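A short write-up of the structure that comes next.
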Number of protein chains: 2
Amino acid sequence: MATVPRPGAYVCGIDAAMDVIGGKWKVLILWALDEHGSCRFGELRRQVPGITEKVLAAHLRELETDGIVHREAYDEVPPRVEYTLTEVGRHLNAALGPLGAWGREHVLGGAPHPA
Amino acid sequence: MATVPRPGAYVCGIDAAMDVIGGKWKVLILWALDEHGSCRFGELRRQVPGITEKVLAAHLRELETDGIVHREAYDEVPPRVEYTLTEVGRHLNAALGPLGAWGREHVLGGAPHPA
DNA sequence: CTGGATCCAAAAAGATACTG
DNA sequence: CAGTATCTTTTTGGATCCAG
């Protein structure tokens, strides 16, 4: 959904951002990476229960292309790849804060635990 | 995408919010309503160029069900219906502010005009 | 372990025509 | 004017299986 040279000219910053985070699991991936700082592929798969390998890989590729996450591949055996948020990705997560607060307050009931 | 008794239990506030605004045109509708305060159906159709009647009507129904917009129908001839943001909707728009700023800064280039 | 390749199902959106 | 009814197309995501 967001693979950098976006076709459509965006009307405003919000729908540009929506295009970047508009995947079923993207914000969950961002959240997991924000919490753990660095995650391997299999780690993320566990952090985001229910996601399939294909979709996780696809979302990670898009997030990487959009400059949100950084992918570091270590040429070892067995293979190891570490995903981390970029500076831009951390800014994005920060910008997502108020939206998350709104969701907890107005969609969910009270806020059991911060997220 | 969001019709109140949401099936899935949300993991956090952000994906709850994403479910509410996760339509191709929802944030544009919110933005238009925020700017104008009150809009009729045909007015919105012009404010959100490219959207079809069907999709606009569907999104408006969902936003109404989710408590984001208020629909006021006047029994006149010709028919007139006014859509306005609810208090919750205005809060949502406010929460969207930082995300829009991020998008303008990191997806679009500089910010030509505020939005 | 980290994914790529395929095939398939579901959801969302677009086109068009029609009605109270 | 403000939508609804259909039908079609596009987009996403899911299920598997396979490979470096």
Side-chain angles (χ1 to χ4, degrees), chain A residues 1-8 10-11 15 18-29 32-33 36 38-66 69-84, chain B residues 1-4 6-8 11 15 18-29 32-33 36 38-66 69-84:
Chain A
M1 54 224 34
T3 322
V4 142
R6 240 75 267 289
Y10 299 117
V11 177
D15 65 329
M18 289 298 296
D19 196 21
V20 172
I21 59 176
K24 189 173 180 182
W25 311 90
K26 291 236 179 117
V27 297
L28 267 33
I29 295 172
L33 285 175
H36 294 75
S38 180
C39 283
R40 305 182 52 169
F41 187 87
E43 228 173 321
L44 278 173
R45 197 171 39 176
R46 283 186 295 277
Q47 294 295 327
V48 186
I51 197 171
T52 64
E53 300 152 350
K54 173 202 166 186
V55 174
L56 177 55
H59 281 185
L60 283 172
R61 256 183 283 119
E62 291 187 353
L63 290 170
E64 187 192 359
T65 306
D66 289 332
V69 310
H70 172 70
R71 178 181 186 275
E72 189 75 38
Y74 300 90
D75 198 0
E76 308 173 351
V77 36
R80 183 166 64 98
V81 178
E82 295 276 354
Y83 291 94
T84 50
Chain B
M1 53 228 31
T3 323
V4 142
R6 239 77 267 291
V11 176
D15 64 328
M18 288 298 297
D19 198 21
V20 171
I21 58 174
K24 189 173 178 182
W25 312 90
K26 290 237 178 116
V27 296
L28 267 33
I29 294 172
L33 285 175
H36 294 75
S38 181
C39 283
R40 306 181 52 168
F41 188 88
E43 229 173 320
L44 278 172
R45 200 172 34 179
R46 282 185 295 276
Q47 294 295 327
V48 185
I51 196 171
T52 63
E53 299 151 352
K54 174 202 166 186
V55 173
L56 177 56
H59 282 185
L60 283 172
R61 257 182 282 117
E62 291 186 354
L63 290 170
E64 186 192 0
T65 306
D66 289 332
V69 311
H70 173 70
R71 178 182 187 275
E72 189 76 38
Y74 300 88
D75 198 359
E76 309 173 352
V77 39
R80 184 166 64 97
V81 178
E82 295 277 353
Y83 292 94
T84 50

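Lettering follows sequence order; numbering is per chain, from 1. All values derive from a computational prediction rather than experimental measurement.
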Which ones in residues 73-83 of chain A lie close to DNA chain C, meaning a heavy atom under 4.0 Å from one of its atoms?
A:Pro78, A:Pro79, A:Val81, A:Tyr83
I'd like to know whether B:Val48 forms a side-chain contact (heavy atoms from CB on, under 4.5 Å) with B:Leu56, so could you lay out the CA-CA distance, the side-chain angles of the two residues, the decisive distance to 0.1 Å, and finally the verdict.
CA-CA 9 Å; B:Val48 185; B:Leu56 177 56; 5.6 Å; no
Under 4.0 Å from any atom of DNA chain D, heavy atoms only: list the residues of residues 44-54 of chain A that qualify, in numerical order.
A:Thr52, A:Glu53, A:Lys54
Without decimals, in angstroms, what is the distance between A:Asp19 CG and D:dT12 P?
8 Å
Whole angstroms only, please: what is the CZ-P distance between A:Arg71 and C:dG4?
7 Å
Which atom pair, heavy atoms only, marks the closest approach of A:Ile21 to B:Met18?
O-CE, 3.7 Å
For B:Glu53, the salt bridge (Lys or Arg N to Asp or Glu O under 4.0 Å) test, sequence neighbours excluded, returns B:Arg45
Specify the separation, in whole Å, of atom CD of A:Glu43 and atom C1' of C:dC1.
12 Å
May I have the distance from A:Phe41 (atom CZ) to D:dA19 (atom P), rounded to whole angstrom?
18 Å
Return the value, rounded to whole Å, for the distance between atom CD of A:Glu62 and atom P of C:dG4.
12 Å
Over all atoms of both residues, closest heavy-atom pair of B:Leu63 and B:Val20:
CD2-O, 4.2 Å
Counting heavy atoms from C-beta on, name the nucleotide in C:dA13, C:dG3, D:dT4 closest to the side chain of B:His59.
C:dA13
If you check every side-chain atom of B:Val55, which of D:dG3, C:dA13, D:dG13 has the closest atom?
C:dA13
Minimum heavy-atom separation for A:Cys39 to A:Ala32, with atom names?
SG-O, 4.4 Å
Kindly determine whether B:Leu60 and B:Leu44 satisfy side-chain contact (heavy atoms from CB on, under 4.5 Å), including the steps that lead there.
CA-CA 10 Å; B:Leu60 283 172; B:Leu44 278 172; 4.0 Å; yes
Using salt bridge (Lys or Arg N to Asp or Glu O under 4.0 Å) as the criterion, list what pairs up with B:Arg80, not counting sequence neighbours.
B:Glu76, B:Glu82
Is there a side-chain contact between A:Arg40 and the phosphate of C:dT2, meaning an N or O under 4.0 Å from OP1 or OP2?
yes
Which residues satisfy the side chain to side chain contact (heavy atoms under 4.5 Å, CB included) test with B:Val81, sequence neighbours excluded?
B:Arg71, B:Ala73, B:Tyr83
In whole angstroms, how far is the P atom of C:dA13 from the NZ atom of B:Lys24?
8 Å
Output the rounded distance in Å from CG (A:Leu56) to P (C:dA5).
16 Å
Could you state the atom-to-atom distance from CH2 of B:Trp25 to P of D:dT10 in whole Å?
16 Å
Taking only residues two or more places apart in sequence or in another chain, which ones pass salt bridge (Lys or Arg N to Asp or Glu O under 4.0 Å) with B:Glu43?
none
